[in-house]
Every structure is written in C-alpha cells, then in structure tokens.
Amino acid sequence: MKKTALLLATAAVLLVSATKTQAQDKVESTVGLDLVSRYMWRGTEKGGITIIPAAKVSWKGASLKLQGTTGLDSDDPREINLSLGYKYKFLNVGVTDYWTSGKDMEGHNLYFEWDPVKNGHQLEANLGVDFGYFSLQAYTMVWGNDFQYNTLLDVKNRTNGKRAYSTFIELRVPFYMGGIDWDVCAGMTPFEGAYVVKPFTEISTITLVKRDEFYADKAACIMASIRATKRLEFGDMKVPIFAEMHTNPYMKRASFLVGVSVQPF
C-alpha cells in the first residue's frame, strides 16, 4: 500500500512537472497592427498617416518579429524590419535588419541587394535591461547603409564612406495613473552618426552644400516623448488607443500624434 501511494505521488509530481515544462516550452505567436496619424521614429518624422502591421513568435525567451510600414501617401518610404532577440530575466539582446525603400544606391527598391554600400539595409545590434518600472536600451548600427560621406561626388558614387556606427540610447519609464497607462521616454546619441552632404540652392546663382544627419552631428538628446494609452476591449479584440507628444530637442521640433492598435487576445 505504501509503495502504491509512493508511486502515485511520484506520478503526480512527474505529471505536474511535465505540465509546467510544456507551459514553459509553449510557442507563443501574436499578430496585430497600429494605425498612426504621424509616423515618428527616434525624433525623426518618417511619414504621415501610416499602417504598421507586425507579427511575432516567441519561445523560451527567444523571439522573431517581422514589422512593416505602409504610408497612405505614396511618397512615404516603405519599411520591412526583421528582428531576432533573446531575453533572460531583466537582460535582453538582439539584432534588427531595417530595410527602407529608396535607400539603395540606385533607388531601385531592391530588397535582395546585400552589398553593404549599395543596399537599403541597416543592421542594428541592441543590448539592454528591463526591470519593469524602467528600461535602458542601447542600439548601434553595425552593417549596411550607415556611412559618413563628405563630398557630393562620394555620395553619388558611394565611395570613401566612413562607417559611422550610429548609436541611440533610450531610457523608458512606464507607469499607471488615472486609469491610463503612461510611458515617458528620452533618447540620445553619444556621438556623431551617419550623414551625407546634399546640394541646395539658397540664391538662384549659388549652389551651397548642407549635411543631412541620421541622428545628430554631436552628442545630443534627439528624442523626448510622453504617451498616454487607454486599453479598450471589444469581444476577442484588444484595442489600445494612444496619444503622444513626440519631440526632438536637438532639432527644436515637436509633433503630436494619435493612434490605435488592434491586438487579438
């Protein structure tokens, strides 16, 4: 009788352990989209009204995410962003491949062009910590279209470019107040990022040259934002609605945007 009880107890423990292991090993998938009145990214306006669909698969701390952007204005650039990440407790690491239409050397919107000088890809590595009540993340471009070009001829021929390693550091603090989720974020670049020189005419007979910076030409705060989100539920759908004040102190610019997310349960 004692042996039978012991065997039953052992079987129960093994069953519970197996159930927990299966729950931990379960592959989770999500799909959704955002619709925003203005597409802002790290202090830079990248488009007007934009649809941002995304899909993500997670397993044992590892994740694979595919995200794209499509602006309602046909002149807005399109993006395809593929991210691979891993999170262990509060630490996270990852890489993201950003592809933007019109950024390749010939402007042909070639996705499968892998020449680091000619293509429209930017590969970014990230490392950060997330303690729930705040997160600190660092992002650095390590490959692809991320160079510093000093002459118009170099820009045209994509020659003599210096790898910039454009870097963005972000501090984010989420909190809950008054029935609304709030998110305060500040971002800076610690040094000069990628840039190209571009011609522009200030006087009809004189062509001058200016620099088009990816982030900034020095260490600077390039983003400060605050977002308020109200989460609504309709049947099997979560529909967060948000409003955001997005600023770039370095460029002395500010934008206000609203958006809605569609997230199935």
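Basis for what follows: all heavy atoms, side chains included, without hydrogens, waters or symmetry-related copies. Quick note: residue numbers are just sequence positions, from 1. Please read all numbers here as calculations on a predicted model, not as lab measurements.
Between Ala254 and Met245, the shortest heavy-atom contact is CB-CE, 4.0 Å. Met223 and Gly43 get closest at one heavy-atom pair: CG-N, 3.7 Å. Shortest non-hydrogen contact noted between Pro77 and Thr100 is CB-CG2, 3.8 Å. Across every non-hydrogen atom of Ser37 and Leu257, the tightest pair is OG-CA, 3.4 Å. Heavy-atom minimum distance, Asp76 versus Ile49: OD2-O, 4.5 Å. Counting all heavy atoms, side chain and backbone alike, Thr151 lies closest to Val197 at C-CG2, 3.3 Å.
In terms of modelled atom types and a separation under 3.5 Å, the side chain of Glu113 and the main chain of Asp115 share a donor-acceptor contact. Using modelled atom types, one side-chain atom of Ser166 and one backbone atom of Ala194 make a donor-acceptor pair closer than 3.5 Å. Between the side chain of Asn126 and the backbone N or O of Val93 there is no donor-acceptor pair closer than 3.5 Å. Remark: the backbone N or O of Tyr165 is paired with a side-chain donor or acceptor of Asp146 at under 3.5 angstrom. In this structure a side-chain-to-backbone donor-acceptor pair under 3.5 Å is missing from Arg231 to Ile180. Remark: the backbone N or O of Gly179 is paired with a side-chain donor or acceptor of Lys230 at under 3.5 angstrom.
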Worksheet item: When you look at Leu171 and Val184, which way does the side-chain contact (heavy atoms from CB on, under 4.5 Å) test go after all the steps?
Response: CA-CA 8 Å; Leu171 174 65; Val184 177; over 6 Å; no

Discussion item. Show, in sequence, the C-alpha distance, side-chain angles and deciding distance for Phe242 and Val36, and conclude whether the side-chain contact (heavy atoms from CB on, under 4.5 Å) test is met.
Written reply: CA-CA 9 Å; Phe242 55 89; Val36 294; 3.8 Å; yes

Practice prompt. Please lay out, stage by stage, how Asp104 and Lys118 fare under the test side-chain contact (heavy atoms from CB on, under 4.5 Å).
Written response: CA-CA 5 Å; Asp104 57 280; Lys118 297 179 179 179; 5.9 Å; no

Item to complete: Go through the steps for Thr229 and Asp183 under the test side-chain contact (heavy atoms from CB on, under 4.5 Å), then give the verdict.
Response: CA-CA 8 Å; Thr229 302; Asp183 188 273; over 6 Å; no

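Taking 4.5 Å as the limit, every side-chain heavy atom of Asp97 sits out of range of all side-chain heavy atoms of Ile80. Inter-residue side-chain proximity for Lys87 and Ser63 is flagged as unmet; no heavy-atom pair is nearer than 4.5 Å. Side-chain contact check for Asn92 versus Gln137: some heavy-atom pair is nearer than 4.5 Å.
Applying the 6.0 Å contact sphere to CZ of Phe131 captures more than 12 heavy atoms from other residues, nucleotides or ligands. The number of heavy atoms from other shown groups lying within 6.0 Å of CZ (Phe191) is above 12. For Arg253, the CZ atom counts as loosely surrounded, since its 6.0 Å shell holds 12 or fewer non-hydrogen atoms of other residues, nucleotides or ligands.
A continuous path of Ile, Leu, Val, Met, Phe, Trp and Tyr side chains, each step under 4.5 Å between heavy atoms, connects Leu136 with Phe90, placing both in one hydrophobic cluster. In this structure, Phe134 is a member of the same hydrophobic cluster as Met188, with clusters built from ILVMFWY side-chain heavy atoms closer than 4.5 Å. Linking ILVMFWY residues whenever their side-chain heavy atoms come closer than 4.5 Å, directly or via other members, leaves Val258 and Ile241 in distinct clusters. Under a hydrophobic-cluster definition in which Ile, Leu, Val, Met, Phe, Trp and Tyr are linked whenever side-chain heavy atoms come within less than 4.5 Å, directly or via other members, Leu72 and Met40 are assigned to different clusters. Tracing side-chain contacts under 4.5 Å through hydrophobic residues (I, L, V, M, F, W, Y), one never reaches Leu127 starting from Val142; they form parts of separate clusters.
In this structure, OG1 in Thr69 is found 10.0 Å from CD1 in Ile51, a value given to the nearest 0.5 Å. Atom CD of residue Gln67 and atom OH of residue Tyr98 lie 8.5 Å apart, to the nearest 0.5 angstrom. Atoms CG and NZ, on Asn145 and Lys103 in that order, are 7.0 Å from each other to the nearest 0.5 Å. Rounding to the nearest 0.5 angstrom, the gap separating the CZ atom in Phe214 from the CD1 atom in Ile222 is 8.5 Å. A distance of 7.5 Å separates OG1 of Thr96 from CG of Asn81, quoted to the nearest 0.5 Å. For the atom pair CE (Met251) and OG1 (Thr44), the distance works out to 6.5 Å, reported to the nearest 0.5 Å.
When only modelled atom types and interatomic distance are considered, Tyr250 and Glu213 share no side-chain donor-acceptor pair under 3.5 Å. Between the side chains of Glu45 and Asn248, no donor N or O sits under 3.5 Å from an acceptor N or O.
Salt bridge present: Glu79 and Lys46 bring a charged side-chain N and a carboxylate O closer than 4.0 Å.
Between His121 and Trp143, the ring planes lie tilted relative to each other; the angle falls in the 30° to 60° range. Using a 30° and 60° split on the angle between ring planes, Phe147 and Tyr149 fall in the tilted class, from 30° to 60°. The aromatic rings of Tyr111 and Trp99 lie perpendicular to each other, with more than 60° between the two planes, well past the 30° mark.
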